[in-house]
Amino acid sequence: MDNKKFLNRIDGKVLSCNEQFLNENKLKGVYSCDLLSLVMSKNIKDYVWITVHTNINIVAVATFCEISCIIIPEDIKIEEITLNRAITNDITIISSKLNSYEIITAYNELLNIGD
Amino acid sequence: MVGDKDMNNTYEFPIYPDDFVSAGEASSAVRKMLKDMGIKPDIIKKVAISMYEAEINAVIHGNGGYAVAQITDDYIIVSIKDGGPGIEDIDLAMKAGYTTASDSVREMGFGAGMGLPNIKRYADKMTIRTKIGVGTEIIIENSLK
């Protein structure tokens, strides 16, 4: 999966970025969940994680699970403190106007055409 | 770095009640130490998440406390000790989905009743010591090899 193509497809705005993210093509899948402990029980290294949570704790969860990026759907506003922590921890956070279903569908479509 | 080191490769970190901003600093600091030691990523994940869940429990339920991590080349032992109400029924607390967390905690994505089950999932050995009205200590042991 080409990260830049995926980002374009979901009309994603990069709010904090791990510098490698835009040049990598190693997304392994998409996971959508808002129970943080359930997220941490999964093996989702290099996944895109979609969550409606915007509190600072999502950065720790993303760090510990080694996810590729957090996507906040539906243009939900993200707390400043969360973005600052994401920048410090080198975690990519992307905002999209799409909802979770549409983001997952976009990912699948790109996957099916071999991108 | 957060955490004071003593002569026995033991690091101590404070945990503050209801403070979700500094919650995770102890587990993040330990994670970094293990990375610097060149420990395998899957082992680091086990240690960091089990410690983080215990930290969050101390923040949410335990009125704060402190974390102590003893790190050697071969293993890590983490103790998270809180000053909370204690756990009345450990079997019930271990049951996935059971929670006593408040609505505000659940709104942040915690309190799903999966904290202790996750600690058990990622710990090689987990020990719970609890006393009603005094507090709870969770001891998490993991091999680093």
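Everything numeric here is computed off the predicted structure, so don't read it as measured data. Below, read A as the first sequence line, B as the second, and so on, with proteins coming before strands; counting in each chain starts at 1. Scope of the values below: all heavy atoms of this structure, side chains included, with no hydrogens, waters or symmetry mates.
- Taking B/Pro117, B/Ser27, B/Gly113, B/Gly24 one by one and counting their heavy-atom pairs under 4.5 Å with chain A, the maximum is reached by B/Ser27.
- Atom OH of B/Tyr16 has 12 or fewer neighbouring heavy atoms from other residues, nucleotides or ligands inside a 6.0 Å radius.
- For NZ of B/Lys46, the number of neighbouring non-hydrogen atoms (other residues, nucleotides, ligands) closer than 6.0 Å is greater than 12.
- With chain A as partner, the option from B/Arg121, B/Arg106, B/Lys45, B/Met108 having the largest number of non-hydrogen pairs under 4.5 angstrom is B/Met108.
- For A/Leu38, the parts lying under 4.5 angstrom from a heavy atom of chain B are both the backbone and the side chain.
- At a heavy-atom separation below 4.5 angstrom, chain A is approached by B/Ala48, B/Ile49, B/Tyr52, B/Glu53, B/Ile56 within residues 48-66 of chain B.
- Counting heavy atoms from C-beta outward, A/Pro73 and A/Ser96 have side chains that stay 4.5 Å or more apart.
- Summarising the geometry, atom OG belonging to A/Ser16 is positioned 12.5 Å from atom CZ belonging to A/Arg85; distances are rounded to the nearest 0.5 Å.
- A salt bridge links A/Asp11 with A/Lys97; the closest basic N to acidic carboxylate O contact falls under 4.0 Å.
- When all heavy atoms of A/Ile103 and A/Ile50 are compared, the pair lying nearest together is CG2-CD1, 3.5 Å.
- Proximity to chain B involves both the backbone and the side chain of A/Asn57, based on heavy atoms less than 4.5 angstrom apart.
- Between A/Thr105 and A/Asn108, every side-chain heavy-atom pair lies at or beyond the 4.5 Å cut-off.
- In summary, B/Asp42 and A/Lys45 do not engage in a salt bridge, as defined by a charged side-chain N under 4.0 Å from a carboxylate O.
- Results of the side-chain contact (heavy atoms from CB on, under 4.5 Å) test with A/Asn3 over A/Leu27, A/Thr92, A/Leu22, A/Val48 single out A/Leu27 as the only residue that passes.
- For chain B, the option among A/Ser41, A/Cys65, A/Cys33 with the highest count of heavy-atom pairs below 4.5 Å is A/Ser41.
- Of the two parts of A/Ile56, only the side chain, counted from C-beta on, holds a non-hydrogen atom closer than 4.5 Å to a non-hydrogen atom of chain B.
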